[in-house]
Amino acid sequence: MYSYCCCSLIQYCLFNQVIDLKQEHIQIMKVLMNVWKIYEEHLKRRNPNTPTITYDISQLFDFVDQLTDLSCLVYQKSTNTYAPYNKDWIKEKIYVLLRRAAGHGK
């Protein structure tokens, strides 16, 4: 699906503390899954006594929009450089990933 070398740059605030995450991934899909995981961890921290938490994609995208900084640098083999992609690009790729996981697209 997404087999490019990339780096995710994520900055978010948690209890008035700014947290920076820089992670290198072999596949973009791992970056997308990491954003999803960060959101679920955020929900667990906000709802520690709730055994099951449900949400929809619009809530995930609202969370992404609230992140201080989120970008994905994707390696471009033709130029030997990394191209930056913003939150909208990341949300689009997450949407495609979730649709594929649900069996609604290729």
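- Note that CG of Leu70 is 10.5 Å distant from CH2 of Trp89, once rounded to the nearest 0.5 Å.
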side-chain contact (heavy atoms from CB on, under 4.5 Å) between Phe63 and Ile38: does it pass, once the steps are laid out?
CA-CA 10 Å; Phe63 174 78; Ile38 289 169; 3.9 Å; yes
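- With hydrogens and angles disregarded, no donor-acceptor distance shorter than 3.5 Å links the side chain of Lys93 to the backbone of Asp88.
- In this structure, Arg100 CZ and Tyr95 OH are separated by 12.5 Å, a value rounded to the nearest 0.5 Å.
- Remark: Asp65 engages Lys91 in a salt bridge (charged side-chain N to carboxylate O under 4.0 Å, His left out) (not counting sequence neighbours).
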I'd like a table of donor-acceptor pairs (distance under 3.5 Å, sequence neighbours excluded) in which one partner is a side-chain atom from residues 48-55, with atom names and distances.
residue: Tyr55; atom: OH; partner: Trp36; partner atom: NE1; Å: 2.5
residue: Tyr55; atom: OH; partner: Glu40; partner atom: OE2; Å: 2.5

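- Nearest heavy atom pair, residue Leu97 against residue Met33, reads CD2-SD, 3.6 Å.
- The CG atom of Leu32 sits 9.0 Å away from atom CG of Leu98, with the distance rounded to the nearest 0.5 Å.
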Before you tell me yes or no, could you show the steps for Lys37 and Glu41 under side-chain contact (heavy atoms from CB on, under 4.5 Å), namely the whole-Å CA-CA distance, both residues' side-chain angles and the distance that decides it to 0.1 Å?
CA-CA 6 Å; Lys37 181 180 174 184; Glu41 289 172 1; 3.0 Å; yes
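- Contact annotation: the side chain of Ser71 never approaches that of Tyr85 to less than 4.5 Å [non-hydrogen atoms, C-beta and beyond].
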Let's go through Ile90 and Ile94 carefully: what are the C-alpha distance in whole Å and the side-chain angles of both, what is the deciding distance for side-chain contact (heavy atoms from CB on, under 4.5 Å) to 0.1 Å, and is it a yes or a no?
CA-CA 6 Å; Ile90 293 168; Ile94 289 173; 3.9 Å; yes
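- Listed by chain and residue number, nothing satisfies the ring pair (Phe, Tyr, Trp, His ring centres under 6.0 Å) test with Phe61 (two or more places apart in sequence, or in another chain).
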